[in-house]
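Note sheet for the following structure.
All residue numbers in this chain count up from 1 along the given sequence. Computed from heavy atoms alone, side chains included, the values below leave out hydrogens, waters and symmetry copies.
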Amino acid sequence: MRVRDATSGEALDVRRILDAAMLEPGDVEARIAAGDVLVAVVGDRHLGALVLDPRERDRGAHVAAVAVRRRRRNRGVGTALVERALERERRLTARFDEDVRPFYESLGFSIEPIDDRRYRGVRRLDG
């Protein structure tokens, strides 16, 4: 599996992955053009996608959406996407529901509640 920046020709694949997870991060084509979308691929098969909202240069980025094809879940695809984004951005924030909290905890995010059903998390790379 390889994680890399998405290309304009992959917009439909990215949208399909995000739609299947019922996520709507906005204009996928514009996000890809801006370099804010990562994909996990094996050969020509797209396994997952991650969309970032960039922040100020020294503040990292926000994970707007991360999704993995249902049959590829629990195999490290989402982890690889987030880890690659963290390497690139050095600091990530995320907002998520209770059911996704174990995923972010496993990645070492510092987590705090927003309300009784939502959370926010932060992870940064030192150095």
If I take atom CG from residue Asp13 and atom CG from residue Asp44, how far apart are they, to the nearest 0.5 angstrom? 9.0 Å
Can you check whether Ala30's main-chain N or O pairs, donor with acceptor, with Asp27's side chain at less than 3.5 Å? yes
How long is the span from the OG atom in Ser106 to the CZ atom in Arg101, to the nearest 0.5 Å? 12.0 Å
Side-chain touch Arg95/Ile114, heavy atoms, less than 4.5 angstrom: yes
Just wondering, more than 12 heavy atoms not from Glu24 lying within 6.0 Å of its CD? no
Arg91 and Thr93 have their tightest heavy-atom pair at NH1-CG2, 3.4 Å
Can you check side-chain contact (heavy atoms from CB on, under 4.5 Å) on Glu105 and Ile111, steps first, answer last? CA-CA 7 Å; Glu105 284 177 336; Ile111 297 171; 3.3 Å; yes
In terms of hydrophobic clusters joined by side-chain contacts under 4.5 Å, are Phe103 and Phe109 together? yes
Residues that Val51 engages under side chain to side chain contact (heavy atoms under 4.5 Å, CB included), provided they are two or more places apart: Leu18, Pro25, Arg31, Val37, Ala64, Ala65
Greater than 12 external heavy atoms within 6.0 Å of Arg2's CZ: no
Between Leu52 and Leu50, is any pair of side-chain heavy atoms under 4.5 Å apart? yes
Sequence-distant partners of Phe96, ring pair (Phe, Tyr, Trp, His ring centres under 6.0 Å), two or more places apart: Tyr104
If you round to the nearest 0.5 Å, how far is CZ of Arg73 from CG of Leu47? 12.5 Å
Go through Val41 and Met1 one step at a time and tell me if the side-chain contact (heavy atoms from CB on, under 4.5 Å) criterion holds. CA-CA 6 Å; Val41 296; Met1 176 181 59; over 6 Å; no
Using distance alone, with no hydrogens and no angle criterion, decide if Glu112 and Tyr119 have a side-chain donor and acceptor under 3.5 Å apart. no
Locate the shortest heavy-atom distance separating Gly78 from Val68; write the atom from each residue and the value. N-CG2, 3.6 Å
Glu10 to Ile32 - nearest heavy-atom pair and separation: C-CD1, 4.4 Å
For residues Arg90 and Glu87, report the shortest heavy-atom separation together with the two atoms involved. CD-O, 3.6 Å
So, do Leu107 and Thr79 sit near enough that their side-chain heavy atoms are less than 4.5 Å apart? yes
Is the shortest side-chain N to carboxylate O distance from Arg123 to Glu83 below 4.0 Å? yes
Considering only NZ, NE, NH1 and NH2 on the basic side and carboxylate oxygens on the acidic side, decide whether Arg117 and Asp97 come within less than 4.0 Å. no
Would you sort out whether Asp5 and Leu38 count as a side-chain contact (heavy atoms from CB on, under 4.5 Å), showing the intermediate values? CA-CA 4 Å; Asp5 288 348; Leu38 298 174; 3.1 Å; yes
Neighbour count above 12 (heavy atom, 6.0 Å) for Asp99 CG: yes
Any idea which heavy atoms bring Val63 and Ala94 closest together, and the distance? CB-CB, 4.2 Å
Where do Ala80 and Val3 come nearest, in terms of heavy atoms and distance? CB-CG2, 3.8 Å
